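No experiment lies behind these values; they were computed from the predicted model shown. In what follows, chains are A, B, ... by sequence order, proteins preceding strands, each numbered from 1.
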There are 2 protein chains.
Amino acid sequence: MEHQDYAGIFKALSNPNRLEIFLQLSRCCTPGTVCSKTDIDVRCVGDLGSGLNVAASTISHHIKELYRAGLINMRRSGQNVECWIDPETLHMLSGFFTSQGQEE
Amino acid sequence: MEHQDYAGIFKALSNPNRLEIFLQLSRCCTPGTVCSKTDIDVRCVGDLGSGLNVAASTISHHIKELYRAGLINMRRSGQNVECWIDPETLHMLSGFFTSQGQEE
DNA sequence: TCTATTATTCGACATATGTCGAATAATAGA
DNA sequence: TCTATTATTCGACATATGTCGAATAATAGA
């Protein structure tokens, strides 16, 4: 989290499908924890995309965008790629709007 | 704030110039307070755009987008149009990321 | 080494977005 | 009513974005 490109972060969350992926990840397990079969059987493309009606390649692309924005982390695990919310970025965002609240 | 289109809100904040306008508004006065000459001499197009290097029509367009997203309010005051942050939406956003923090 | 499974890369393409300048609108104050 | 000031609307256009399917890559397990 060097420079914090907030516009870039918001851009990543501006697409409904991408936001949905983000929300699913934030729901399936506590941020910082890997979301994988251990918990609720969530792997990247296959499972995150199952609810959305988009091609696997599109999911892959969206996940990369979330990763680029710093919102999520990813790691290959065998044939799967596991994703999980980046807790630091989430915390930063939480503070962003809260601090805007009381002037600044 | 009926339906809360978060993706739409993030889209509004995803453009650097629009984000800058939003931040200027959140700085110039406490949310809920009108930002106008009374305080720090901030009116919409003229002043909000002065820092950014874009045409007045573009600023006007961006402000409308922020308004559509529910992030700001606006009101005509003579020749000027005054803008100010919508405190409810801001509060909602603040809660959005915070609640994502602890699973949900 | 071959096959199945999962994920990514790579064009391609339709649509959305950001931006401008010119024209128009809204208002205040001679 | 005329003029100046501020803001918005309206094309126009270049660029960005979301999406797909086919091809390719990465891995596990016969």
Enquirer: Among dT6(C), dA7(D), dG18(D), which is the nearest nucleotide to the side chain of H62(A)?
Expert: dG18(D)
Enquirer: Mind calculating the distance between CD (E82(B)) and C1' (dT6(D)) to the nearest angstrom?
Expert: 13 Å
Enquirer: Measure CG/L66(B) against P/dT8(D) and give the value in whole Å, please.
Expert: 12 Å
Enquirer: Nearest of dT19(C), dT8(D), dT8(C) to any side-chain atom of A56(A)?
Expert: dT8(C)
Enquirer: Within the 4.5 Å heavy-atom criterion, are E88(B) and M92(B) side-chain neighbours or not?
Expert: no
Enquirer: Just the rounded figure in Å: distance from P of dT19(C) to CD of E20(B).
Expert: 13 Å
Enquirer: Taking only Watson-Crick and G-U wobble pairs with both distances under 3.5 Å, what dot-bracket line describes DNA chain C, where [ ] shows pairs that cross earlier ones and | shows pairs with another strand?
Expert: ||||||||||||||||||||||||||||||
Enquirer: Measure from the side chain of N80(B), starting at C-beta and using heavy atoms only, and say which of dT9(C), dT19(D), dA7(D) lies closest.
Expert: dA7(D)
Enquirer: Report the distance from atom CG of L13(A) to atom C1' of dG18(D), rounded to the nearest whole Å.
Expert: 16 Å
Enquirer: Quick one, L90(B) and F97(A) - any side-chain contact, counting heavy atoms below 4.5 Å?
Expert: yes
Enquirer: Is any side-chain nitrogen or oxygen of K64(A) closer than 4.0 Å to OP1 or OP2 of dA7(C)?
Expert: no
Enquirer: Hey, what do you get for CZ (R75(A)) to CD (E82(A)), rounding to the nearest 0.5 Å?
Expert: 4.5 Å
Enquirer: Mind checking whether L93(B) and L71(B) have side chains closer than 4.5 Å, heavy atoms only?
Expert: yes
Enquirer: Roughly, in whole Å, what's the span from NE2 in H61(B) to C1' in dA16(C)?
Expert: 10 Å
Enquirer: Hey, does K64(A) have a side-chain heavy atom less than 4.5 Å from the side chain of H61(A)?
Expert: no
Enquirer: Sugar-phosphate means primed atoms, P, OP1 and OP2; the rest is base. With that split, encode nucleotides 21-30 of chain D 5' to 3' as B, S or - using protein heavy atoms under 4.0 Å.
Expert: BB---SBS--
Enquirer: Could you measure the distance from the CG atom of L66(A) to the CZ atom of R68(A)? Nearest 0.5 Å is fine.
Expert: 11.0 Å
Enquirer: Can you check the R18(B) CZ to dA16(D) C1' distance for me, whole Å?
Expert: 13 Å
Enquirer: What is the separation between atom OH on Y67(A) and atom C1' on dT8(C), rounded to the nearest whole Å?
Expert: 15 Å
Enquirer: Which distance, rounded to the nearest 0.5 Å, do you find between the CD1 of I85(A) and the CD of Q24(A)?
Expert: 10.5 Å
Enquirer: Could you walk me through whether S60(B) and I63(B) pass side-chain contact (heavy atoms from CB on, under 4.5 Å), step by step?
Expert: CA-CA 5 Å; S60(B) 192; I63(B) 285 175; 5.9 Å; no
Enquirer: Please report the distance, rounded to the nearest Å, between CZ in R75(A) and P in dA7(C).
Expert: 14 Å
Enquirer: Could you check which of dA7(D), dT9(C), dT19(C) has an atom nearest any side-chain atom of V81(B)?
Expert: dA7(D)
Enquirer: Do F10(A) and F22(B) have ring centres separated by under 6.0 Å?
Expert: no
Enquirer: Look at K11(A) and dT17(D) and indicate whether a side-chain polar atom (N or O) is within less than 4.0 Å of OP1 or OP2.
Expert: yes
Enquirer: Side-chain N or O of N53(B) less than 4.0 angstrom from OP1 or OP2 on dT19(C)?
Expert: no
Enquirer: Which atoms form the tightest heavy-atom contact between C83(A) and L25(A), and what is the distance?
Expert: O-CD2, 3.6 Å
